[in-house]
Amino acid sequence: MRDVAIIGIGCTTFGEKWGSSFRDLFVEAGALALEDAQLSGEKIDAMYVGNMSAGRFIEQEHIGALIADYAGLATHHIPSTRVEAACASGGLAFRQAMIAVASGMEDIVVAAGVEKMTDVEPGASTDTLTGAADREWEGFVGATFPGLYAMIATDYMHRYPLTREQLAQVAVKNHYNGARNPIAQFQQEITINTVLKSTMVAEPLRLFDCSPITDGAAAVIVAPLERAREFTDTPIRILASAQASDTITLHDRRDISTLDASVAAGQRAFRMAKLTHKDIDLIEVHDCFSIAEICAIEDLGFCKKGLAGRLTAEGETALNGRIPVNTSGGLKACGHPVGATGIKQVYEVVQQLRGEAGKRQIDGATIGMTHNVGGTGATVAVHIMGVD
Amino acid sequence: MSVARFWRKIPQRYNMLGTKCETCGRHFFPPRSFCPDCRRSGKVVDYKFAGLGTVVTFTVIHTANEQFEAFTPYVLAIVKLDEGPRMTAQIVCRPDQVTIGMRVKSVFRRIAADGESGIIHYGTKFVPVE
Ligand SMILES: [Zn+2]
């Protein structure tokens, strides 16, 4: 297997982008990534695109071909493949691109993610997202996506000492980081009271515990490490790529409050990279809901089960903490265009490792991790990357 | 959802009809015709669940998907059936009444109303056992 490096990154701003179409979004992200790698499009050998539900959000399928076409590559006939794993679509697209290069099959590969969510009514987008869970045995009986994570929160708070205020601190911290990220959907800081006084969505989760509906796209370009310096002075090496699955329904899990797929993918990633938790300078985790960040920190092994609330309240996951979590603002504040999120996480870590993260820069960061979840934990992708 | 898609599962949705593996004794709801533990040596037969169970975890839904908007707030829970399997279902009770560990039994109720087609869907909910 060949070593693989990231040679270019690009991302649109995230938000309710009424003026931008699906095509506008991915063309913008792709062009930014190519410019970053100082690469012209015809050098690209293949593309993998993470997208959850263009079929329901914009009534468009066949996304792989559409993107290759609008990227100006239709006449080059490169393979372009859509990857779908609900909210983990981006993370899996990145992994497929990495595998394609590692195998020696391709050299220069684009991993992108895109979602245009605001062309449908909020009720319709909520319903589409419910398709990431089990439609027949969860959605049909009245489960919503926030509702499923709320049941994780209820179980968790019954068994471990997590306070409502500690849970709110996850959103407060992520908004603080988002306010320092120019691409973030939400640029304003909030307080614990903002969260506690927001509309109840699914008890105990309120509006500010939930990630928003977002439009956006992100793209990264990977290449063999041995060729990376043809394109960039700061290649970021992919040290590990891991993916794991679990039951599609929440109710069939071994433990409601533990995402076993996160545990498995995390352990595999550490093994592959031959690293320990102490080596990791920052992590981007899948905080689709505040409780999800709490679970992620624990399931990836950064603290014992039951202690992530205290870790968060004590500031250990903040920009200046022991293990900064979601420096981008996370899904909560940066936004969550579902298919693009996994790629945006890589985009953030690369910016941090290059020292280009501006006001949210973690000084001296050399190794970062991403954690991308599909559904309530039925698919998880974990990647570790470091300065070469 | 299409009419056929919903009605196809009527025996299960209405009657708590699942399956059981006679080799290892594991129960399945929703039904599986293949035991993941015993694989080819499993012998899977139909099994009618008693409909009694315990609340494992719950939430109260305030913001619902379109088909359920008329029913908010409603209690949604994961119920562990006495035979072993867990399922997601609504609990017919006041939001402040539901607790972890509460004993419940299954009932046949209206689940949702489909605004566009006007079709009313029925299925299994749970009520507290006194
Ligand atoms: Zn069996």
Interface residue of largest heavy-atom contact number with chain B, from [options], under 4.5 Å:
| options | result |
| --- | --- |
| A:G139, A:A124, A:P146 | A:A124 |
| A:T199, A:D127, A:L205 | A:D127 |
| A:G142, A:P204, A:A202 | A:G142 |

Per-residue tally against chain A (heavy atom, under 4.5 Å) across B:V60, B:I61, B:I100 peaks at B:V60
Proximal component of [X], with respect to chain A [non-hydrogen, under 4.5 Å]:
| X | value |
| --- | --- |
| B:F71 | neither |
| B:L76 | both |
| B:F68 | side chain |

Euclidean distance, A:E138 CD relative to B:T88 OG1, rounded to 0.5 Å: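 That separation rounds to 4.5 Å.
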If you round to the nearest 0.5 Å, how far is CG of A:D252 from CZ of B:F29? 11.0 Å
Contacts of type salt bridge (charged side-chain N to carboxylate O under 4.0 Å, His left out), residue A:E298, not counting sequence neighbours: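 A:E298 satisfies salt bridge (charged side-chain N to carboxylate O under 4.0 Å, His left out) with A:K305 once adjacent residues are dropped.
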How close do [X] and [Y] get, heavy atom to heavy atom, and via which atoms?
| X | Y | answer |
| --- | --- | --- |
| A:H251 | B:I78 | CB-CG2, 3.6 Å |
| B:V56 | A:D155 | O-OD1, 4.4 Å |
| B:Q90 | A:V141 | NE2-O, 2.9 Å |

With a 4.5 Å cut-off on side-chain heavy atoms, are A:M151 and B:T59 touching?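 B:T59 reaches A:M151 side chain to side chain.
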Taking [atom1] in [X] as the centre, count heavy atoms belonging to other residues, nucleotides or ligands within less than 6.0 Å. Is the count above 12?
| X | atom1 | answer |
| --- | --- | --- |
| B:K43 | NZ | no |
| B:R110 | CZ | no |
| A:R56 | CZ | yes |
| A:R164 | CZ | yes |

Would you tell me whether A:T144 and B:N65 have side-chain atoms, one donor and one acceptor, within less than 3.5 Å of each other?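 Looking only at side-chain atoms, B:N65 and A:T144 do not form any donor-acceptor pair under 3.5 Å.
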Let me know if A:T130 has heavy atoms under 4.5 Å from chain B in its side chain, its backbone, both or neither. side chain
Could you go step by step and tell me if A:M200 and B:T63 meet the side-chain contact (heavy atoms from CB on, under 4.5 Å) rule? CA-CA 8 Å; A:M200 187 63 86; B:T63 306; over 6 Å; no
